[in-house]
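A quick write-up on the structure given underneath.
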Amino acid sequence: MKYKILTLGCKVNSYESQYYEEQFEKNGFIKANAKEISDIYIINTCTVTNTAASKSRQKIHLARKENPNAIVVAIGCYIQFIDKKKRQELNVDLVIGAKDKSKLVDIVMDYIQNHNPHSVLDIEEFNEFESMPIKEFESKKRAFLKIQDGCNQYCSYCAIPYARGHERCLKKEDVIEIARQLSLSHHDEIVLTGIHTGRYADGNTNLAKLLKLLLEHTDPSIHYRISSIEITEVSDELLMLMKENPRICHHLHIPIQAACDKTLERMNRPYTIDEFKERINTIRTMIDDISISTDVITGFVQESEEEFQQTYQNLKEIGFSFLHVFPYSKRSGTEASKMDGEIDGITKKNRVNQLLKLSSELRRKDMERFDTLEVLIENHKENVYMGYSNQYHMVHIYSSKNLSGRIKVRWNEIKDNIYIVKEGSICD
């Protein structure tokens, strides 16, 4: 039988879809290409905004329309977030929420043989982390390792705690074993990921201690990167480890979401802008060559022009390496969706464009700080080799010789926020 996976949402969803794909292949199913009609459709849903929820429903409808006789499975955040009645109204054969994702293929095979349905459990029942190890990633250079799921923070705009449940983590022994297997598959860099990666905890083992164990128990050639971490979770212990061990990449992605205290308070974020700035200064004092990027939501409920200008100026002053910018999008059921003062679309678009322009300026300024770069070669096209620097900037290297692995180079120019390295600029 042929299967097709349609993925919406975040990088964690993408990770989970890759796990589903690996499990389907392992059990003899065949992946359908984009234009083929499939026997099984897996819609990996998202509920972070009303738009994401709507797109999830659209994907379900399109799958059913493409093959009315197919087995259609809706899985993930949107399915967990909506109530039982709405699930029953979806034209699908199976629904799987935030639990039993690791059993997806078994559930599908049981449905094929016995037509058994599947129940979505209440979010309060989620206590154990479901391990979904992936043996090999397509790039074969950078691998992702999901070590954490769920969130206890309850930001006012976010549906994730209701869709993924409370925080839970993969056992440290399992993390180490999966990392070993990934290194055997010739991956040079492992990215630790999750919904709240910085809150990793297994007994007395926090994220810093976990990284130390990984450094001790995996090949010395393997480097590590943290996908995203909150400012309140960047401990001195973690920073000292990053400073002392060159195998941990000197880049942190720390979401700020807004850089104005009034906006942060409405968002229910756990810091003031002064507290955020103070911690950023500490990080840079400890690791002078670190790059720090961030996420920003603009056009949040009641965000005045004055609040936006405060955010803009503070983002500029902090000097992030780049910004991921998102216009605020309402999600029904969150605290923010009950607030008055929706910002119009034109204003949101204008603010997004201003922040994107700022991001481009900040990235170039950050890139110009470095003379030499350590780059992981990930792919190439003819004589152009591509990868990311230690600080997570894109690099294009022109070389007539074959390049692979992690190399050091001197850049010649920056074009469209990409380092250009010409022939002969590779360091010995």
query = Aromatic rings Phe137 and Phe144: how do their planes relate, parallel, tilted or perpendicular, breaks at 30° and 60°?
reply = tilted

key: Test ring-ring contact (aromatic ring centres under 6.0 Å, His included) applied to Phe29 - qualifying residues, sequence neighbours left out   = Phe24

ask   = Mind checking what makes ring-ring contact (aromatic ring centres under 6.0 Å, His included) contact with His250, not counting sequence neighbours?
value = none

key: Nearest non-hydrogen partners of Thr197 and Thr193, listed with the distance   = OG1-C, 3.4 Å

request  = Would you check if the side chain of Ser56 reaches a backbone N or O of Cys46 as a donor-acceptor pair within less than 3.5 Å?
outcome  = yes

query = Going by atom types alone, do Asp274 and Thr272 pair a side-chain donor with an acceptor below 3.5 Å?
reply = no

ask   = Do the side-chain N and O atoms of Ser38 and Asn67 include a donor-acceptor pair separated by under 3.5 angstrom?
value = no

query = Would you say Glu278 has more than 12 foreign heavy atoms packed within less than 6.0 Å of its CD?
reply = no

key: Residues Glu361 and Arg364 bridged, charged N to O under 4.0 Å   = no

message = So, using salt bridge (Lys or Arg N to Asp or Glu O under 4.0 Å) as the criterion, who are the partners of Lys103 when residues are at least two apart?
response = Asp100

inquiry  = Considering only residues two or more places apart or on different chains, which pairs with a residue in residues 264-287 satisfy ring pair (Phe, Tyr, Trp, His ring centres under 6.0 Å)?
reply    = Tyr271-Phe276

task = Name all pairs fulfilling the salt bridge (charged side-chain N to carboxylate O under 4.0 Å, His left out) condition that reach into residues 104-118, sequence neighbours left out, sorted by first residue then second.
result = none

ask   = What residue among Ile231, Ile273, Asp295 forms side-chain contact (heavy atoms from CB on, under 4.5 Å) with Ile256?
value = Ile273

task = Taking only Lys NZ, Arg NE, NH1 and NH2, and the carboxylate oxygens of Asp or Glu, determine whether Glu189 and Lys141 approach each other closer than 4.0 Å.
result = no

query = Which residues pass the ring-ring contact (aromatic ring centres under 6.0 Å, His included) test with Tyr200, sequence neighbours left out?
reply = none

message = Between His118 and Val95 (side chain of the first, backbone of the second, donor and acceptor by atom type, cut-off under 3.5 Å), is there such a pair?
response = yes

ask   = So how far is it from Lys212 NZ to Thr205 OG1, rounded to the nearest 0.5 Å?
value = 11.5 Å

inquiry  = Looking at Glu275 and Arg279, is there a salt bridge between them, counting it only when a charged N and a carboxylate O are closer than 4.0 Å?
reply    = no

Donor + acceptor pair across side chains of Glu130, Ser102 (<3.5 Å) = yes

ask   = Does Arg180 come within less than 4.0 Å of Glu177, counting only side-chain N to carboxylate O?
value = yes

query = Taking atom types as modelled, is there a side-chain donor on Tyr385 or Asn379 under 3.5 Å from an acceptor on the other?
reply = no

inquiry  = Applying ring-ring contact (aromatic ring centres under 6.0 Å, His included), can you list everything that pairs with Tyr41, at least two apart in sequence or on another chain?
reply    = none

query = Is there any salt bridge (charged side-chain N to carboxylate O under 4.0 Å, His left out) pair reaching into residues 8-24, and which pairs are they, with sequence neighbours excluded?
reply = Glu16-Lys101, Glu16-Lys146, Glu16-Arg164, Glu21-Lys31

task = Give a yes-or-no answer on whether the side chains of Asp149 and His196 include a donor-acceptor pair shorter than 3.5 Å.
result = no

message = With ring pair (Phe, Tyr, Trp, His ring centres under 6.0 Å) as the rule and sequence neighbours excluded, what pairs involving residues 54-100 come up?
response = none

ask   = Does CG in Asn33 sit with more than 12 non-hydrogen atoms of other residues, nucleotides or ligands closer than 6.0 Å?
value = yes

message = Under a 3.5 Å threshold, yes or no: a donor from one side chain and an acceptor from the other, between Ser291 and Ser321?
response = no

Distance-only polar pair, side chains of Ser183 and Asp219, donor-acceptor under 3.5 Å = no

ask   = Side-chain donor-acceptor pair under 3.5 Å between Glu25 and Tyr3, yes or no?
value = yes

inquiry  = Before you tell me yes or no, could you show the steps for Val395 and Val421 under side chain to side chain contact (heavy atoms under 4.5 Å, CB included), namely the whole-Å CA-CA distance, both residues' side-chain angles and the distance that decides it to 0.1 Å?
reply    = CA-CA 7 Å; Val395 184; Val421 180; 3.8 Å; yes

key: Within residues 263-273 or reaching into it, pairs that qualify as salt bridge (charged side-chain N to carboxylate O under 4.0 Å, His left out) - sequence neighbours excluded   = Glu230-Arg269, Arg266-Glu307

query = Rounded to the nearest 0.5 Å, what separation is found between the CD atom of Gln58 and the CD1 atom of Ile60?
reply = 10.5 Å

Aromatic ring proximity, centroids under 6.0 angstrom, His253 and His324 = yes

query = Hey, are Gln153 and Arg199 close enough side-chain-wise for a donor-acceptor pair under 3.5 Å?
reply = yes

inquiry  = Strictly by salt bridge (charged side-chain N to carboxylate O under 4.0 Å, His left out), give each pair with a member in residues 57-84 just once, sequence neighbours left out.
reply    = Lys4-Glu66, Arg64-Asp93

ask   = Just how far is it from atom OG1 of Thr45 to atom CD1 of Ile79, taken to the nearest 0.5 Å?
value = 5.0 Å

remark   = Result for side-chain contact (heavy atoms from CB on, under 4.5 Å) between Ile71 and one of Asp39, Ile112, Ile42 points to Ile112

request  = List the steps, then state whether side chain to side chain contact (heavy atoms under 4.5 Å, CB included) holds for Leu214 with Ile222.
outcome  = CA-CA 9 Å; Leu214 287 167; Ile222 305 299; over 6 Å; no

query = How many angstroms lie between atom CG of Leu215 and atom NE2 of His223, to the nearest 0.5 angstrom?
reply = 9.5 Å

remark   = Those residues at least two apart in sequence (or on a different chain) that pass side-chain hydrogen bond (donor to acceptor under 3.5 Å, both in side chains) with Ser332 are Asn50

task = Describe, in one word, how the ring planes of His393 and Phe370 are oriented to each other, choosing from parallel (under 30°), tilted (30 to 60°) and perpendicular (over 60°).
result = tilted

request  = Compute both the distance and the angle, then confirm whether Arg168 meets the cation-pi test with Phe129: under 6.0 Å from the six-membered ring centre, within 45 degrees of the axis.
outcome  = no

key: Heavy-atom neighbours of Lys277 NZ exceed 12 at 6.0 Å   = yes

key: Over 12 non-hydrogen atoms of neighbours within 6.0 angstrom of CG in Asn114   = yes

